[in-house]
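What follows is a short report on a single structure.
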Amino acid sequence: MSANKIQHKVNHVALVVDCSGSMRQHQGQLIRVVDEFVAGLKAESDSLGHETRISLYSFDHKVENLVWDMDVKHLPSMRGLYKVNNGATALIEASLKSLDDLGHIWEEYGEHSFLQIVVTDGEENASGGDRRHDGDMAILGPWLDRIAAKMGGLPGHWTSAILVPNSLAKRTAQNYGFPAGNIAIWDADSQEGVEEAIGTVRAAATSFLRGREQGVRGTKNLFAVGQDISVDEVRANLEPIPADKYRLLKVDKEVEIRPFVDSHPGVTYERGSCYYQLGARAQVQPNKEVVVVEKDTDRAYTGAAARSLLFGTGIEGTVSVKAGNNPKLEVYVQSRSVNRKLKPKTRLLIML
């Protein structure tokens, strides 16, 4: 390659959305939040100088491509494209088709990365034929083999993730080959669940795009936050908290938050004044503040831009996230619970 050739970054994102009958209650809301997701991709891509192209698929017992590898700047609304049907759920077939389709993209020029995100509210029951009536599951066997082989053979610059409705579906997705860190559970029974699901997807896509700036082209820990930000970014965008306005307390064993705080001299538990260290997956509601702490110095930073820095621009709803691996920074989330269980080998930040 010529030394003066520009090696621009190209992101190919495929969003694969369930449109089976059980999704009917979410149809209108899903259209709106997917449009917001696309707007977020555009904003993040513009700020980073990336080219991001999106494909949209819907599936019940049939898989349909709605948009193919279109620049996010030109994508029309999902309105008029996405429609819920009365079919079953060809989850494996939809996952495979979108991956197979993306495989036809020519990668000779530019630095390409691929991100597939599947959203479903149910379990596989239709790949390879409609089994809504006869209940014959024997035909599924070859499809299980195909998806396991496909997932196992994905190159390192490909990322495949899925949102599922419960822990049983999460185990099933792992059996298909989705990495555990690329599986998130969403509440498919509530309107708030749709907001959270797409907010989670949007935060993950933001993290994915930012990770590209660090040379990361694929990940098996997509639904984590904080691993893609630097100390310099935190100092430039967030407000330092004066050192005499907070304390950090080490948690040695699992304990409820209020008695833990009250057991320390000089502090008393007050609702909203405590911030737990983000570790395993947690739901971060839109009214919860976040704080970022430098590990080496224990300097803490917060402010209106904190959520945008961590989760992505314009994400206002609840997001379901876990802590990414960042050797320099820790993320803390505000708690208003009196009985939250604090985990050992973490810390608690208290505002004074």
Side-chain angles (χ1 to χ4, degrees), residues 15-38 40 56-60 78 82-89 91 94-95 116-125 160-176 178-207 221-225 276 278-288 290 307 310-312 314-323 331 333-337 339-341:
L15 185 61
V16 187
V17 185
D18 192 337
C19 69
S20 61
S22 56
M23 290 290 287
R24 189 169 306 280
Q25 62 173 321
H26 302 310
Q27 179 172 303
Q29 191 178 25
L30 190 68
I31 290 169
R32 177 178 59 79
V33 294
V34 168
D35 285 352
E36 293 174 0
F37 164 70
V38 172
L56 297 175
Y57 292 80
S58 66
F59 67 95
D60 53 357
M78 278 277 279
Y82 176 80
K83 184 179 179 182
V84 171
N85 301 309
N86 292 319
T89 307
L91 174 60
S95 302
Q116 176 208 52
I117 302 177
V118 183
V119 180
T120 182
D121 73 337
E123 296 249 15
E124 163 64 51
N125 63 4
S160 186
I162 188 169
L163 271 72
V164 295
N166 52 52
S167 56
L168 176 60
K170 179 175 182 178
R171 289 195 294 273
T172 301
Q174 284 184 260
N175 290 337
Y176 293 166
F178 287 95
N182 289 358
I183 306 171
I185 296 174
W186 70 291
D187 180 4
D189 296 322
S190 72
Q191 294 300 306
E192 294 80 8
V194 177
E195 300 277 354
E196 178 187 330
I198 300 301
T200 299
V201 168
R202 188 165 163 185
T206 295
S207 177
N221 202 26
L222 183 68
F223 296 119
V225 298
Y276 63 91
L278 183 64
R281 186 165 303 282
Q283 292 181 326
V284 183
Q285 291 79 11
N287 61 341
K288 298 293 179 64
V290 292
R307 288 179 66 97
L310 288 168
F311 309 140
I315 297 179
E316 299 175 354
T318 298
V319 291
S320 176
V321 293
K322 63 182 180 180
V331 177
V333 179
Q334 187 178 33
S335 173
R336 293 190 175 92
S337 169
N339 57 2
R340 166 174 286 279
K341 293 286 183 62

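Model, not experiment: these values are computed from the prediction.
- We find the CD1-OH distance between Ile183 and Tyr176 to be 11.0 Å, quoted to the nearest 0.5 Å.
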Does Gln25 form a side-chain contact (heavy atoms from CB on, under 4.5 Å) with Val84? I'd like the steps, not just the answer. CA-CA 9 Å; Gln25 62 173 321; Val84 171; over 6 Å; no
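- Contact record, Ser95 with Val118: OG-CG2, 3.8 Å, taken as the closest heavy-atom pair.
- Between the OG atom of Ser190 and the NE2 atom of His26 there is a distance of 7.0 Å, given to the nearest 0.5 Å.
- Shown here for Cys19 and Lys83, the closest heavy-atom pair between the two residues is CB-O, 3.6 Å.
- In this structure a side-chain-to-backbone donor-acceptor pair under 3.5 Å is present from Asp35 to Met78.
- Using a 4.5 Å cut-off on side-chain heavy atoms (C-beta onward), Asn287 and Gln334 make no contact.
- Atoms CG and CG, from Asp121 and Leu163 in turn, are 11.5 Å apart once rounded to the nearest 0.5 Å.
- The distance from atom CG of Leu222 to atom CD1 of Ile162, rounded to the nearest 0.5 Å, is 12.5 Å.
- Note on residues 179-191: no pairs pass salt bridge (Lys or Arg N to Asp or Glu O under 4.0 Å), not counting sequence neighbours.
- Taking every heavy atom of both residues into account, Arg307 and Lys288 meet most closely at NH1-O, 3.1 Å.
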Apply the test side-chain contact (heavy atoms from CB on, under 4.5 Å) to residues Leu30 and Tyr82: give CA-CA distance (whole Å), side-chain angles for both, the deciding distance (0.1 Å), then the verdict. CA-CA 9 Å; Leu30 190 68; Tyr82 176 80; 3.4 Å; yes
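- Without hydrogens or angle criteria, Thr200 side chain to Glu196 main chain gives a donor-acceptor distance under 3.5 Å.
- By the side chain to side chain contact (heavy atoms under 4.5 Å, CB included) test, Asn175 pairs with no residue at all, sequence neighbours left out.
- For the pair Gly193 and Trp186, the tightest heavy-atom approach, listed with the atom from each and the gap, is O-CE3, 3.5 Å.
- The shortest distance between side-chain heavy atoms of Tyr57 and Gln116 does not fall below 4.5 Å.
- Taking Ser58 as the reference, nothing meets the side chain to side chain donor-acceptor pair (under 3.5 Å) condition, with sequence neighbours excluded.
- Under the 4.5 Å side-chain criterion, counting only non-hydrogen atoms from C-beta, Val17 is not in contact with Leu56.
- Applying the side chain to side chain donor-acceptor pair (under 3.5 Å) test to Lys322 and every residue at least two apart in sequence or in another chain returns Asn221.
- In this structure, Phe59 and Thr89 approach most closely via the heavy-atom pair CE1-CG2, 3.8 Å.
- Every residue meeting the side chain to side chain contact (heavy atoms under 4.5 Å, CB included) condition with Glu123, not counting sequence neighbours, appears here in chain and number order: Asn166, Leu168, Ala169, Thr172.
- Partners of Arg32 according to the salt bridge (charged side-chain N to carboxylate O under 4.0 Å, His left out) rule, which considers only residues two or more places apart in sequence or in another chain, are Glu36, Glu195.
- Here Ile185 pairs with Val164, Ser167, Lys170 under the side chain to side chain contact (heavy atoms under 4.5 Å, CB included) rule; sequence neighbours left out.
- Residues Asn182 and Ser160 approach most closely at ND2-O, 3.2 Å, considering heavy atoms.
- Applying the side chain to side chain contact (heavy atoms under 4.5 Å, CB included) criterion to Val331, with sequence neighbours excluded, gives Leu278, Leu310.
- Within the 4.5 Å cutoff, side-chain heavy atoms of Phe37 are placed close to those of Leu15.
- Scored by the side chain to side chain donor-acceptor pair (under 3.5 Å) test, Gln174 finds no partners at all (sequence neighbours excluded).
- Asp18 pairs by the side chain to side chain donor-acceptor pair (under 3.5 Å) definition with Ser20, Thr120, not counting sequence neighbours.
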